[in-house]
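Inspection log for the structure reproduced underneath, given as structure tokens.
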Amino acid sequence: GSGAWSIPFAKALPTVHVTALDFPEVLRITREFADRFGVADRFDYLEGNLRETDFGHARYDLVILGHIIHSEGAQWGKRLIEKSAAALRPRGMILIPDMIPNDERTGPVLPMLFGLNMLVATPEGDVFTMREYKAWLKGAGFKTIRTIKAPSPSPLILAAK
């Protein structure tokens with residue numbers, strides 16, 4: 001993506017090396033931001049469609065799926081988590097910031113409205129409950145799943161292999 005999640009990690013942790021994955025048009029912008037924030041020397045770029053791109057095997061310590069699963073739909077969202085799990089080293093972690101409604105899908109209001117927007121504006125998009133995320137993460141081999149409160153409409157999901 002644009003580096004909105006990875007650049008802060010790179011700035012806070014000087015030994016972090018980032019591989020950004022997105023379409024070439026987006027990665028041009030990512031390169032500009034990485035340069036602007038002084039971390040460009042620690043970025044690699046993997047151009048392509050995340051559905052088709054090989055993430056590799058046991059290459060990364062952390063995968064961030066920042067506000068992407070909602071646009072992919074249930075089938076591809078689950079597949080994206082599985083591909084990310086395979087790309088992680090043992091004890092690797094996945095961080096998922098997204099809009100998450102309650103398990104009954106009755107609130108909170110913002111994730112529900114966002115889900116409505118996904119249903120109207122995308123072919124497969126939707127918002128997914130914590131129950132759904134936990135099932136997908138456990139199915140992909142993640143052992144520990146927790147949420148982190150954040151100043152946002154939804155918590156962050158952090159899972160470890």
Side-chain angles (χ1 to χ4, degrees), residues 1-10 18-34 43-57 59-88 92-142 145-161:
S2 67
W5 295 95
S6 56
I7 288 171
F9 274 90
V18 174
T19 300
L21 164 64
D22 214 317
F23 294 107
E25 301 81 10
V26 176
L27 290 180
R28 276 195 288 271
I29 295 165
T30 309
R31 284 179 171 88
E32 291 175 22
F33 281 123
F43 266 69
D44 287 328
Y45 302 93
L46 189 57
E47 294 182 351
N49 181 325
L50 61 85
R51 290 184 179 188
E52 300 165 1
T53 303
D54 181 9
F55 294 4
H57 182 75
R59 295 184 60 191
Y60 305 106
D61 296 311
L62 174 67
V63 171
I64 303 170
L65 299 177
H67 291 280
I68 189 66
I69 292 176
H70 61 249
S71 64
E72 294 301 308
Q75 176 188 351
W76 283 103
K78 180 181 174 187
R79 178 71 184 117
L80 185 54
I81 288 172
E82 292 167 350
K83 284 177 68 169
S84 297
L88 287 168
M93 301 173 87
I94 189 169
L95 179 66
I96 304 173
D98 218 323
M99 296 286 186
I100 305 169
N102 62 31
D103 286 339
E104 295 76 29
R105 291 183 175 267
T106 58
V109 171
L110 193 54
M112 294 307 300
L113 289 173
F114 193 83
L116 179 61
N117 182 58
M118 289 291 97
L119 291 171
V120 170
T122 68
E124 302 174 68
D126 198 357
V127 291
F128 304 101
T129 66
M130 191 59 70
R131 182 181 304 134
E132 290 169 305
Y133 275 113
K134 284 181 179 178
W136 296 345
L137 290 161
K138 286 179 183 176
F142 289 94
I145 303 165
R146 64 185 179 111
T147 59
I148 301 170
K149 287 190 179 225
S152 68
S154 298
L156 306 175
I157 300 171
L158 183 64
K161 288 177 81 176

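Numbering of residues begins at 1 and proceeds along the displayed sequence.
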Measure the spacing between [atom1] of [X] and [atom2] of [Y] and express it to the nearest 0.5 Å.
X     : Y      : atom1 : atom2 : value
Ser2  : Ile7   : OG    : CD1   : 7.0 Å
Leu27 : Leu46  : CG    : CG    : 8.0 Å
Ser84 : Arg79  : OG    : CZ    : 9.5 Å
Asp98 : Met130 : CG    : CE    : 10.0 Å
Ser6  : Phe33  : OG    : CZ    : 11.5 Å
Ile96 : Leu156 : CD1   : CG    : 10.5 Å

Quick one: are [X] and [Y] in side-chain contact, heavy atoms under 4.5 Å?
X      : Y      : result
Leu158 : Thr147 : no
Pro101 : Thr129 : yes
Ile81  : Tyr133 : yes
Glu47  : Thr53  : no
Ile94  : Leu137 : yes
Val127 : Arg105 : yes
Ile145 : Ile157 : yes
Val18  : Trp5   : no

* Tell me whether the guanidinium CZ or amine NZ of Arg31 lies under 6.0 angstrom from the six-membered ring centre of Tyr45 and within 45° of its axis. => yes
* **Derivation of the side-chain contact (heavy atoms from CB on, under 4.5 Å) call for Leu62 and Phe9** => CA-CA 11 Å; Leu62 174 67; Phe9 274 90; 3.8 Å; yes
* To do: Applying side-chain contact (heavy atoms from CB on, under 4.5 Å), run through Leu50 and Leu21 and close with a yes or a no.
  => CA-CA 7 Å; Leu50 61 85; Leu21 164 64; 4.0 Å; yes
* Can you name the closest pair of heavy atoms from Ser154 and Pro111 and give their distance? -> OG-CG, 3.7 Å
* Structure fact -> Looking only at heavy atoms, the pair that brings Gly66 and Pro97 closest together is CA-CD, 3.6 Å
* Ion pair present between Glu72 and Lys83, side-chain N to carboxylate O less than 4.0 angstrom? -> no
* **Residues Lys134, Asp103: salt bridge by 4.0 Å N-O rule** => no
* From CA spacing to verdict: side-chain contact (heavy atoms from CB on, under 4.5 Å), Leu80, Leu65 -> CA-CA 9 Å; Leu80 185 54; Leu65 299 177; 4.0 Å; yes
* To do: List in chain and number order the residues that pass salt bridge (charged side-chain N to carboxylate O under 4.0 Å, His left out) with Arg59, two or more places apart in sequence or in another chain; answer none if no residue qualifies.
  => none
* To do: Flag the pair His70 / Phe128 as yes when their ring centroid distance falls below 6.0 Å, and as no otherwise.
  => no
* Asked: Going by atom types alone, do Thr106 and Asn102 pair a side-chain donor with an acceptor below 3.5 Å?
  -> yes
* **Any donor-acceptor N/O pair, Thr30 side chain to Gly1 backbone, under 3.5 Å** => yes
* Lys161 side chain vs Leu88 backbone, donor-acceptor pair below 3.5 Å -> yes
* What do the steps show when you test Ile68 against Trp76 for side-chain contact (heavy atoms from CB on, under 4.5 Å), and what is the final call? -> CA-CA 10 Å; Ile68 189 66; Trp76 283 103; over 6 Å; no
* How far apart are the C-alpha atoms of Lys138 and Glu132, what are their side-chain angles, what is the distance that settles it, and do they pass the salt bridge (charged side-chain N to carboxylate O under 4.0 Å, His left out) test? -> CA-CA 10 Å; Lys138 286 179 183 176; Glu132 290 169 305; over 6 Å; no
* Would you find more than 12 non-hydrogen atoms of other residues, nucleotides or ligands less than 6.0 Å from Arg146 atom CZ? -> no
